[in-house]
Amino acid sequence: MPSGLLRPGEPALLIDRRRRRYLIHLRTGATSDLRGGKISHDALIGQEEGGTTVSTRGERFLVVRPTLAEFVLEMPRGAQVVYPKDLGAILVAADVFPGARVLEAGTGSGALTMALLRAVGPAGRVVSYEVREDFARIAEQNITRFLGSADPLVLRRHDVYSGILPEDTPLDRIVLDLPEPWRVTEPAARALVAGGILLCYLPTVPQVVRATEALQATGAFGLVETIEILMRPWNIDSPSVRPAHRMVAHTGFLTAARRIQAGTPVVPLASTDEGETGVEDSPR
Ligand code: SAH
């Protein structure tokens with residue numbers, strides 16, 4: 001993980017008094033134009049993060065390394081990214097663990113890829129399929145910029161609807177952020193280890209219904225569950241202590257399913273209210 005003094009090649013986040021954020025990529029000898037003033041990268045390189053710098057226009061900025069969430073929101077995008085509020089939930093719903101072998105499709109801008117890479121760690125493996133060459137290139141640049149290297153990632157220009165490549169199997173987890181995941185349920189069932197997890201990230205209800213029905217129809221998936229994450233930021237500035245006026249109201253639904261043995265008698269194959277939120281063990 002990045003630590004110590006700021007180095008060339010790293011991203012840095014500059015934040016002004018009104019909390020506006022500017023992401024820069026530190027390079028020796030370079031300058032960035034910020035709000036009509038210039039910032040010399042050489043003045044930042046070799047400094048500890050958490051300090052401030054002043055532009056040639058006299059404006060002061062706080063300088064930190066971006067967190068994953070900050071980087072994802074500011075980095076160049078090809079495709080729409082998975083929002084930070086959903087990244088954490090995806091890692092838990094798909095139970096992505098250190099050492100896991102994970103397949104992702106599509107790579108998009110690489111936001112989810114970075115979260116997966118961090119979660120699997122150096123002993124794991126993330127294979128990511130993307131059909132669009134231009135998106136794959138943006139993703140690769142984002143990933144190497146933020147993580148320093150793309151290890152242990154394998155990026156492939158491949159259409160997952162045409163199948164999962166044998167060299168990428170077996171898989172512990174599959175995460176799909178693309179429009180028609182139901183076209184992948186059969187190959188996913190063959191590629192996943194027993195007990196493995198498939199997770200689909202989908203923006204609309206008809207897609208969730210179709211994916212759920214396709215997962216159940218294979219007979220190879222159980223415990224199909226859908227959740228959405230609502231995150232409401234708060235303003236803590238006494239006496240104004242209240243929810244923020246604006247929030248991200250909708251992004252996507254998370255539908256996860258467990259690879260079970262084919263022919264397993266129908267126990268809890270679908271999500272039911274009783275299983276998850278029954279009175280006896282309802283969350284407090
Ligand atoms: N999760 C990504 C965003 C993915 S957007 C992120 O967080 O940045 C969906 C991506 O899936 C797009 O880039 C699209 O080109 C890609 N895609 C769509 N269909 C695909 C397919 N059949 N195989 C591989 N990639 C696909």
Side-chain angles (χ1 to χ4, degrees), residues 11 23 66-94 96 100 102-120 126-147 150 153-169 171 173-192 197-204 206-208 210-211 214-215 227-229 231 248 250-256:
L23 183 70
T67 62
L68 175 60
E70 287 165 337
F71 187 77
V72 158
L73 293 178
E74 306 297 333
M75 71 187 187
R77 293 182 191 180
Q80 176 67 264
V81 296
V82 173
Y83 266 70
K85 74 177 178 70
D86 296 321
L87 289 172
I90 288 172
L91 296 180
V92 173
V96 180
V102 181
L103 173 73
E104 175 200 35
T107 317
S109 305
L112 182 53
T113 322
M114 290 190 269
L116 292 169
L117 282 167
R118 274 189 164 186
V120 304
V126 177
V127 179
S128 188
Y129 294 167
E130 172 58 56
V131 279
R132 286 193 49 172
E133 179 82 33
D134 52 341
F135 287 0
R137 231 178 290 121
I138 293 170
E140 191 165 18
Q141 190 189 55
N142 285 334
I143 294 161
T144 43
R145 240 173 224 184
F146 185 68
L147 296 178
L153 172 68
V154 180
L155 276 178
R156 294 198 203 284
R157 310 297 127 73
H158 179 69
D159 181 346
V160 76
Y161 298 154
S162 71
I164 294 171
L165 301 170
E167 60 263 44
D168 297 331
T169 65
L171 292 161
R173 306 290 186 252
I174 298 176
V175 182
L176 301 173
D177 178 9
L178 38 66
E180 300 178 17
W182 47 88
R183 295 174 65 180
V184 190
T185 46
E186 295 283 351
R190 287 191 295 274
L192 278 172
I197 297 174
L198 170 68
L199 184 140
C200 309
Y201 185 65
L202 291 163
T204 73
Q207 287 170 301
V208 170
R210 188 152 179 198
L215 285 163
I227 59 166
E228 71 173 313
I229 305 297
M231 187 179 88
V248 177
H250 177 65
T251 53
F253 301 100
L254 282 61
T255 299

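Indexing begins at 1, ligand by ligand and atom by atom, following the structure's order. All values below come from the heavy atoms of this structure, side chains included, with hydrogens, waters and symmetry mates left out. Positions are given from 1 along the sequence.
Every N/O-N/O distance between Phe135 and ligand 1 stays at or above 3.5 Å. In terms of polar-atom proximity, Asp159 is counted as a contact of ligand 1, with an N or O under 3.5 Å from an N or O of the ligand. Considering backbone and side-chain N/O atoms, Ser109 comes within less than 3.5 Å of an N/O atom of ligand 1. For Glu130, a nitrogen or oxygen atom sits less than 3.5 Å from a nitrogen or oxygen atom of ligand 1, counting backbone and side chain alike. Considering backbone and side-chain atoms together, Leu112 places an N or O closer than 3.5 Å to an N or O of ligand 1. Not a single N or O atom of Leu178, backbone or side chain, sits closer than 3.5 Å to an N or O atom of ligand 1.
Proximity to Ala79 (heavy-atom distance under 4.0 Å) selects the following atoms of ligand 1: 5 (S), 13 (O). Taking every heavy atom of Tyr161 and a limit of under 4.0 angstrom, the matching atoms of ligand 1 come to 22 (N). For ligand 1, the atoms sitting less than 4.0 Å from at least one non-hydrogen atom of His158 are 23 (N), 24 (C), numbered in the order shown with element in parentheses. Close approach of ligand 1 to Val81 (heavy-atom distance below 4.0 Å) involves ligand atoms 6 (C), 7 (O), 8 (O). Which parts of ligand 1 touch Asp177 is read off a 4.0 Å heavy-atom cut-off, strictly below it: atoms 1 (N), 2 (C), 3 (C), 4 (C), 9 (C), 10 (C), 11 (O).
Salt bridge Arg157/Glu130: absent, no basic N to carboxylate O contact under 4.0 Å.
Looking at Ile174 and Ile164, their side chains come closer than 4.5 Å, going by heavy atoms from C-beta outward. A heavy-atom distance below 4.5 Å is found between the side chains of Ile90 and Leu199. Taking 4.5 Å as the limit, every side-chain heavy atom of Thr107 sits out of range of all side-chain heavy atoms of Phe135.
Nearest heavy atoms, Phe253 versus Thr204: CE1-C, 4.0 Å. Of all heavy-atom pairs spanning Ala211 and Pro181, the tightest one is CB-CG, 4.2 Å. In terms of heavy atoms, Ala111 sits closest to Val82 at CB-O, 4.1 Å.
Counting protein heavy atoms only, atom 17 (N) of ligand 1 is closest to Val131 CG2, 3.8 Å. Nearest protein heavy-atom neighbour of atom 11 (O) of ligand 1: Gly106 CA, 3.4 Å. Atom 23 (N) of ligand 1 has Val160 N, 3.0 Å as its closest protein atom, hydrogens excluded (heavy atom only). With respect to atom 6 (C) of ligand 1, the closest heavy atom belonging to the protein is Ala111 N, 3.7 Å.
Seen from the ring of Tyr161, Arg183 counts as a face-on cation partner, given the 6.0 Å and 45° thresholds.
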Original post:
Could you walk me through whether Asp86 and Tyr201 pass the side-chain hydrogen bond (donor to acceptor under 3.5 Å, both in side chains) check?
Top reply: CA-CA 9 Å; Asp86 296 321; Tyr201 185 65; 2.6 Å; yes
**OP:** Let me see the working for Leu165 and His158 under side-chain contact (heavy atoms from CB on, under 4.5 Å), right down to the final yes or no.
**Re:** CA-CA 9 Å; Leu165 301 170; His158 179 69; 3.6 Å; yes
Subject >> Test log, rule side-chain contact (heavy atoms from CB on, under 4.5 Å), inputs Val127 and Glu104 >> reply: CA-CA 6 Å; Val127 179; Glu104 175 200 35; over 6 Å; no
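By the 4.0 Å heavy-atom criterion, Thr113 is excluded from the residues contacting ligand 1.
Neither the backbone nor the side chain of Arg77 has any atom closer than 4.0 Å to an atom of ligand 1 (non-hydrogen atoms only).
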